[in-house]
Number of protein chains: 2
Amino acid sequence: MPAKSPTGAFARAQAKGEEALRTAMLDIAAGLLAAEGPAALSMRRLATAADCSTTVLYRLFGAKDGIAAALYREGFARLRRRLDAVPRGGDPAAYLAALGRAYRANALEEPHFYRVMHGEAIPGFVPDEESRAAAAASLDVLREAARAAVEAGLLRADADVDEITDTLWAAAHGVISLELGGHFPGGLGEERFRVLTRAAVEAFVP
Amino acid sequence: MPAKSPTGAFARAQAKGEEALRTAMLDIAAGLLAAEGPAALSMRRLATAADCSTTVLYRLFGAKDGIAAALYREGFARLRRRLDAVPRGGDPAAYLAALGRAYRANALEEPHFYRVMHGEAIPGFVPDEESRAAAAASLDVLREAARAAVEAGLLRADADVDEITDTLWAAAHGVISLELGGHFPGGLGEERFRVLTRAAVEAFVP
DNA sequence: TATTGTTGAGTAACGCTGTTATTCAACGAG
DNA sequence: CTCGTTGAATAACAGCGTTACTCAACAATA
């Protein structure tokens, strides 16, 4: 095998145009993040992993913030896919509970991603408006589930759907954030998670 | 004034022994954190602000983690003082609401501290068991308020006090964390905060 | 075909970070 | 007076984000 043959992920994706290159680079970054945590997300480390120089990264993402933003959006996109994949059975209450479990599972299976999605991990990063809108849109299916539950008479008819949605999101995120922060010694478990989040649902039961 | 005269905060505290020195250094760190954010918390910056070398910091705190741990505990100590200062009027429900407002006010007035307290801000820092125990103890007054509310018959008698406490904490923290993350465009306001956290209380009302 | 202009990547540097080995000054004990 | 200890400063190491400079490869033009 000739030494000059391009074998890196960078060279392989380079032939397919800039967009493919960006995607490939983001894949590498996501892999690095999931495997080794946010500390491994340095420009040099990333360039080495992709077999290229840091210049390429700056052309593709502008700066490190660009990579952080891409990972932020990727994290919420994964969450969205995860939530969308939850089967909506006939029972709206069971569906809401399943969404909660899926949300938590997504967070715990890739905690580094969850931390990036909530401002931790990458020091100076603040998502722009568009990214935050995309993040909020990841919860569309939750909002729909809340609406369905109201219309099915399972939740109070006079309750605001947005209020329900935000309450549920905050409750789930709050518990998971404290769990990741180590504030529940010995972990939490699905049952305890259900207990600590059920108030957010039950308060809206007529 | 002779140039050799010790005028820095370091020199001033040095005369009072090691513990005073540590306290003074922590004060400087807390000021730097509150004023300029976690990015300003570098060993060199801190040493410069205290008019000493970085060596002193390593003797006092071991490593940067030591400073992070100290700020973590300081943040929760401030929270505790804040919550303890809330006047407990006769009405347990109003007291619980006031505790919630105080918790949020504390977080929003010094958001950098709140971020340090919840793992953000200082990349690699993970609090040890003792620090986390102290953090949990900051909420003792909330636990007491929950117990009082149960005993007053305001909350369900069969409800577990720890369950109520954790539910309230997670609800408040979840809303505030999302608020700091920019997920409520245009901010939140006390009224909206009350709305989004009231489910955590109302679910326990008999 | 020869020349020019453009695009894109690599190198090396700047100033910053956390950390520590080395050096040196001050002080108390013998 | 000398010795040992304590504690602070200096300077160095590797790594960080970022970018100015350099050069090679290719397209367009004369």
Side-chain angles (χ1 to χ4, degrees), chain A residues 3-25 28-29 32-33 36-71 116 121-126, chain B residues 2-22 24-25 28-29 32-33 36-71 116 121-126:
Chain A
K4 281 290 176 67
S5 162
T7 57
F10 162 66
R12 230 177 298 122
Q14 198 180 22
K16 300 187 185 176
E18 180 169 320
E19 205 46 52
L21 215 159
R22 218 187 312 267
T23 305
M25 215 57 96
I28 296 177
L32 226 47
L33 173 64
E36 304 187 39
L41 281 181
S42 81
M43 301 301 269
R44 284 176 168 84
R45 192 92 157 61
L46 202 42
T48 301
D51 244 337
C52 67
S53 76
T54 59
T55 315
V56 178
L57 299 175
Y58 283 92
R59 186 177 66 84
L60 292 176
F61 297 97
K64 201 189 178 184
D65 269 2
I67 298 177
L71 288 173
V116 168
I122 297 170
F125 169 65
V126 177
Chain B
K4 280 293 177 60
S5 163
T7 58
F10 162 67
R12 227 176 303 124
Q14 199 180 22
K16 302 186 184 176
E18 179 170 320
E19 204 47 52
L21 216 160
R22 216 188 313 266
M25 214 58 96
I28 296 177
L32 226 48
L33 173 64
E36 304 186 39
L41 280 181
S42 81
M43 301 301 269
R44 283 176 171 84
R45 191 94 159 62
L46 203 43
T48 301
D51 246 335
C52 69
S53 75
T54 58
T55 314
V56 179
L57 299 175
Y58 283 93
R59 185 176 66 86
L60 291 177
F61 298 98
K64 200 188 179 186
D65 269 3
I67 299 177
L71 288 173
V116 168
I122 297 169
F125 170 65
V126 176

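Remember, predicted model here, so these are calculated numbers, not experimental data. Chain identifiers are assigned alphabetically (A, B, ...) following the order of the sequence lines, protein sequences preceding nucleic acid strands; residue numbering begins at 1 within each chain.
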Compile the donor-acceptor pairs under 3.5 Å between side chains in residues 52-71 of chain B and protein atoms, sequence neighbours left out, one pair per line.
unit_1	atom_1	unit_2	atom_2	d
Ser53(B)	OG	Thr55(B)	N	3.3
Ser53(B)	OG	Thr55(B)	OG1	3.4
Arg59(B)	NH1	Glu18(B)	OE1	3.0
Lys64(B)	NZ	Leu41(B)	O	3.0

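Of all the heavy atoms in Ala40(B) and Leu32(B), the pair that sits closest is O-CD2, 3.6 Å. Across all their heavy atoms, Ala121(B) and Pro123(B) have their closest contact at O-CD, 3.2 Å.
Here the C1' atom of nucleotide dG8(C) and the CZ atom of Arg22(A) are 14 Å apart, to the nearest Å. With rounding to whole Å, Ile122(A) atom CD1 is found 10 Å from dG17(D) atom P. Taking atom CZ of Arg59(B) as the reference point, atom P of dT20(C) lies 16 Å away to the nearest angstrom. Rounded to whole Å, the distance from CG on Asp51(B) to P on dT10(D) is 11 Å. If you measure from atom CG of Leu60(B) to atom C1' of dT6(D), you get 14 Å, rounded to the nearest angstrom. Counting to the nearest Å, the C1' atom of dG17(D) and the CD1 atom of Ile67(A) are 11 Å from each other. At whole-Å resolution of the value, CZ in Phe61(B) and C1' in dT20(C) are 18 Å apart.
Contact check for Glu19(A) versus Arg22(A): side-chain heavy atoms found under the 4.5 Å cut-off.
The terminal axes of the helix from dT1(C)-dA30(D) to dG30(C)-dC1(D), fitted over 5 pairs per end, subtend an angle of 30° to the nearest 10°.
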5' to 3', nucleotides 12-18 of chain C under a 4.0 Å protein heavy-atom cut-off (B base, S sugar-phosphate only, - none) gives -B---BB

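When the side-chain contact (heavy atoms from CB on, under 4.5 Å) test is applied to Ser42(A), the partners found at least two apart in sequence or on another chain are Arg44(A), Arg45(A).
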